[in-house]
Amino acid sequence: MDLKLYLNLYALLQRDVSTKEQQRAFGLEHAVLKHKPIAQLAAWEKRYIDLLKRPLLSERVTSYLYIMTFLLGTLSFILGLFSGIALLSYNGHEPVNVVYFMAMVIFFPLFTMLLALFAMFKSRSNSNILMHLTPAYWMEKIAARFAHKEESFKKHFNMDPILAKWIVLRRAQCMALLFSVGLLLALLGTVVTRDLAFAWSTTLKITPDGFYAFLNMLAFPWREFIPSAIPSLELIEHSQYFRLGERLSNEMITHVEQLGEWWKFLAMATLFYALFLRTILYLIVTIGYKRALKKSIFSLEGTSLLLNNMNKPFITTGALEGEGVVFSVSKDVQMLRELESVYDFIQGWALSSSFLEVLNEVMKVKAQHQVVEVGGSNTLSQDSEIARKSFGKVLLYVKAWEPPTLDILDYIELLLEYAGRVVIYPVGTENEGYQAKEKYIQIWVDKISMIDTSKIWIKVP
Amino acid sequence: MKKHPRFAVVGHPNKGKSSIVSALAMDDSVQISDMPGTTQKQRSFPLKVDGKVLYELIDTPGFQRPRQVLEWLQKEKVSAEKREERIRLFINKYENDERFNDEIELLKPIVEGAGIIYIVDASKPYGQEYETEMEILRYTGQPSMALINHIEEADYALEWKRVLGQYFKMVRTFNPMSVNLENHISILESMAQLKEEWIRPVKEAIELFESYHKQMLEKSCEVISHLIYDALSYKERLSLKNEEVQESEKEEIEQKYQASLRQLERRSQKKIEEIWNHKNLEKTQNILAFEEIDLFSKEAASVFGLTRQELVVTGATSAAIAGAGIDLLFMGHTLLLGGAIGGLVGGVGAYFSFDKLSEIKLLGQKVGKHYLQMGPMQNRNFPYILLGRALYHLFIIMHRSHALRSAVELDEGQAFKVEWLNDALKKDLERYHQLFRKEIVVEGEKLTEYARVVQSAIGNIDNKVLNILN
Ligand SMILES: Nc1nc2c(ncn2[C@@H]2O[C@H](COP(=O)(O)OP(=O)(O)OP(=O)(O)O)[C@@H](O)[C@H]2O)c(=O)[nH]1
Ligand SMILES: [Mg+2]
């Protein structure tokens with residue numbers, strides 16, 4: 001898991017590179033990774049990475065970050081080296097004040113590490129005040145402004161600010177580390193190449209005893225192993241230095257060969273406070289960074305859906321292919337509003353003769369020749385017999401609520417060969433008082449209009 | 001012959017065969033209309049899990065010339081075990097005869113081993129002509145059941161049941177227009193009974209189907225969770241032409257801001273519809289009708305949102321919690337004061353930001369690029385309006401039968417709000433809304449948590465609401 005994975009996933013998830021089905025197939029293919037989401041995502045990224053436009057966003061961002069780290073790191077190192085040299089510069093008249101150097105290798109690192117710790121744990125806010133206090137943050141800002149590069153991919157890409165914070169934090173530790181290495185090298189370099197006279201000086205009322213105790217405390221990590229790396233009380237007394245008065249010169253001059261002893265303490269202080277503690281912090285920040293990276297990967301829009309699609313069964317229930325659409329064009333059909341009182345034949349499609357009797361009574365119509373049921377449980381030959389015998393005007397009742405089938409259309413067509421005129425009458429159910437619903441009549445009208453003849457009429461209300 | 005269970009849904013034209021298949025297969029692409037003969041070809045709807053078919057529903061055209069078919073079949077007397085052979089013969093003989101297109105389409109899957117689901121409409125009286133169809137089905141010798149549909153109010157179920165009982169070993173009732181998980185599964189269970197060896201695969205399918213349902217609900221809640229977060233944290237920016245802000249520019253950014261939020265809502269609704277396989281909902285313009293109740297109209301605010309008093313209360317409590325936790329070290333409050341001040345500020349803030357959406361800020365002066373920014377959303381009521389609308393939409397979509405082709409209507413909203421929003425939920429939600437509104441990136445975990453709250457809100461809604469809605 002690295003930043004590249006995050007960036008590539010970001011770029012891939014922005015595009016629909018695979019369907020749900022493919023994602024599930026991928027999940028099944030890599031079943032061993034089922035409970036390792038990061039590995040699963042990494043494998044998925046690898047499969048589709050070639051679909052991304054080159055140069056990859058991840059390459060651009062990481063190379064930008066790399067260059068930035070390299071530049072800032074080098075800068076920090078040089079800065080550390082030169083500040084060290086400056087602090088230790090000894091012009092032969094005034095001794096080197098160890099308090100300055102201690103400030104640089106103990107107090108300043110402790111303070112910035114504390115800031116970093118706060119920034120780490122106040123993790124959610126991206127407008128983190130503490131971040132703004134660290135020098136590394138501002139160096140980065142300034143460097144970014146010179147590089148001009150930030151803007152160019154920021155337009156398309158917004159890194160998770162929490163992740164960005166951790167990147168900056170991690171790099172800040174790196175820079176501080178290099179800065180301290182610079183300081184240490186400066187110290188060792190000057191110790192080797194020149195004879196240094198260290199002294200301490202302060203406006204505060206601190207006795208050599210107090211100072212000794214304080215230094216002893218600071219030296220707790222190494223006082224057991226390297227006792228020589230703690231200045232003795234004697235040395236401290238001898239090296240206290242006042243800008244005014246005689247005392248200094250005499251004291252110091254007599255013990256001048258001792259004054260160099262300070263370097264061991266300073267070197268150990270640098271090693272422990274500036275380098276060792278910082279390294280620990282760097283490791284902690286690295287862990288935090290990895291966790292932030294993981295979180296950011298899971299927070300990317302689409303990650304959880306992708307994992308879901310990979311790991312849950314892919315279920316479909318719908319039809320596999322589309323359906324052709326049927327268009328029915330309805331033509332005109334002749335409508336009849338009033339029934340005549342007498343018809344040559346009255347027939348009912350799937351209507352029993354008793355039902356027909358009632359209908360005739362209600363509709364006040366009579367048949368000249370025959371009232372008869374067709375369709376229903378009749379055989380086809382019975383029906384064609386009836387049709388063949390029909391002539392003149394035929395009234396054909398149909399159940400309006402039943403849709404017209406081709407069976408009935410066959411019969412009507414046959415009937416039309418013999419009858420002079422056929423009136424189709426869609427009737428309602430008994431409960432409806434034989435009055436058919438409008439929409440059913442419409443269905444019949446539409447269907448009947450498919451028969452192309454002037455001999456057919458349909459009875460409408 | 002295929003191994004998995006197959007079910008052919010057959011019957012008279014226009015009795016709701018396609019509606020039933022559409023509902024059971026959750027496929028809204030099926031052609032359904034009150035014109036008989038709408039379905040012209042058999043069409044398969046498999047339940048597929050990772051590419052494996054667990055069962056298959058087959059929609060078929062209705063019987064058009066059953067008497068001719070039956071007469072042909074009975075022309076030669078054959079013994080019972082030869083009947084299936086005779087049907088095959090019929091299919092082979094008339095395969096290319098247009099007259100029997102419908103019958104062949106519906107008989108084919110049956111002779112290939114599909115179980116028969118015979119659909120009737122019990123809102124119409126029984127008629128003798130149905131016996132021909134049932135005879136043909138019996139002739140095939142395949143296991144069969146009858147499914148009673150009620151297309152209209154009238155009820156002739158008694159007379160239907162008396163007849164159906166003679167032809168089918170199982171008679172069930174089903175309403176394709178309002179399905180829920182429960183009766184969906186119960187129908188599947190009945191179908192499994194048709195053949196002994198189908199019980200196990202169908203049972204497996206039912207389990208998967210249930211988890212599928214759960215998946216869809218979870219996904220939908222995730223979508224809603226993202227919507228609320230995206231909308232609350234959304235920032236609209238507008239570059240200025242001059243140094244001075246023009247009144248028209250303020251209006252422009254406000255318009256754009258609102259349009260963007262509506263867009264977010266539309267997209268989220270679309271996603272949810274896709275999750276639930278309602279892919280064609282837009283074509284029937286249901287969504288348009290739904291969206292006429294605008295996100296920013298008074299009506300929507302009063303129906304779904306909270307009243308001013310409700311907001312002051314939730315604002316105060318949640319801000320107090322927030323105040324007590326963080327920021328104190330750095331802001332200079334003492335520990336106890338922090339909570340109190342937080343509460344006070346939260347409550348008052350809620351009171352004042354009731355009507356306002358968001359401040360319009362002028363930004364970037366130092367950098368030299370001047371632009372206006374609107375957002376994140378400051379209106380305390382807004383997330384409840386948006387969430388209420390989203391829940392309502394989800395609720396309707398997840399309960400909507402895929403057989404419906406009509407428009408969705410949005411009313412009875414007040415009753416709906418009472419259903420999902422209670423005090424405990426309010427407190428829960430407010431915490432997240434406050435987080436979303438801060439200009440910070442919210443972790444994926446938080447959104448998942450919020451999605452769970454949304455799901456519990458959906459759980460609060462009683463299915464009674466559906467009856468009010470329908
Ligand atoms: N209200 C209501 N309408 C229904 C119900 N079932 C079907 N319909 C309506 O009845 C009509 C016919 O439904 P379809 O599903 O197309 O019927 P079908 O049996 O597939 O018809 P064909 O394909 O023509 O044989 C449509 O307008 C449906 O909306 C129901 O349970 N309630
Ligand atoms: Mg159909």
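Here is the naming used below: chain letters follow the sequence lines, and residue numbers restart at 1 for every chain.
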| task | Could you tell me how the ring of B/Y229 sits relative to the ring of B/F436: parallel (under 30°), tilted (30 to 60°) or perpendicular (over 60°)? | result | perpendicular
| Residues in side chain to side chain donor-acceptor pair (under 3.5 Å) with A/K312, at least two apart? | A/N308
| query | Which bit of A/T316 is near chain B, if near means a heavy-atom gap under 4.5 Å: side chain, backbone, both or neither? | reply | both
| note | Whatever's closer than 4.5 Å to a heavy atom in chain B on A/K447 counts as both
| note | Applying a strict 4.5 Å limit to non-hydrogen atoms, the region of A/L305 in contact with chain B is side chain
| B/D97 and B/R99 ion-paired at < 4.0 Å | yes
| task | Please look at A/D410 and chain B and tell me whether the side chain, the backbone, both or neither of the residue comes under 4.5 angstrom of a heavy atom of that chain. | result | side chain
| message | So for A/T379, is it side chain, backbone, both, or neither that comes closer than 4.5 Å to the heavy atoms of chain B? | response | both
| Is the gap between the ring centers of A/W401 and A/Y440 under 6.0 Å? | no
| Which residues satisfy the ring-ring contact (aromatic ring centres under 6.0 Å, His included) test with B/F100, sequence neighbours excluded? | B/F90, B/Y94
| Interface moiety of A/L320 toward chain B, non-hydrogen atoms closer than 4.5 Å | both
| query | Which region of B/D102, side chain (C-beta onward) or backbone (N, CA, C, O), has a non-hydrogen atom less than 4.5 Å from a non-hydrogen atom of chain A, or is it both or neither? | reply | side chain
| query | What part of B/Y55 is in contact with chain A, defined as an atom under 4.5 angstrom from a non-hydrogen atom: side chain, backbone, both or neither? | reply | neither
| message | Ring-plane angle category for A/W349 and A/Y411, please: parallel below 30°, perpendicular beyond 60°, tilted otherwise. | response | tilted
| Using non-hydrogen atoms only, which part of B/K219 is less than 4.5 Å away from chain A: side chain, backbone, both, or neither? | side chain
| said: With a sphere of 6.0 Å drawn around CD of A/E430, does it hold more than 12 non-hydrogen atoms of other residues, nucleotides or ligands? | reply: no
| field | Part of B/R67 within contact of chain A (heavy atom distance under 4.5 Å) | value | both
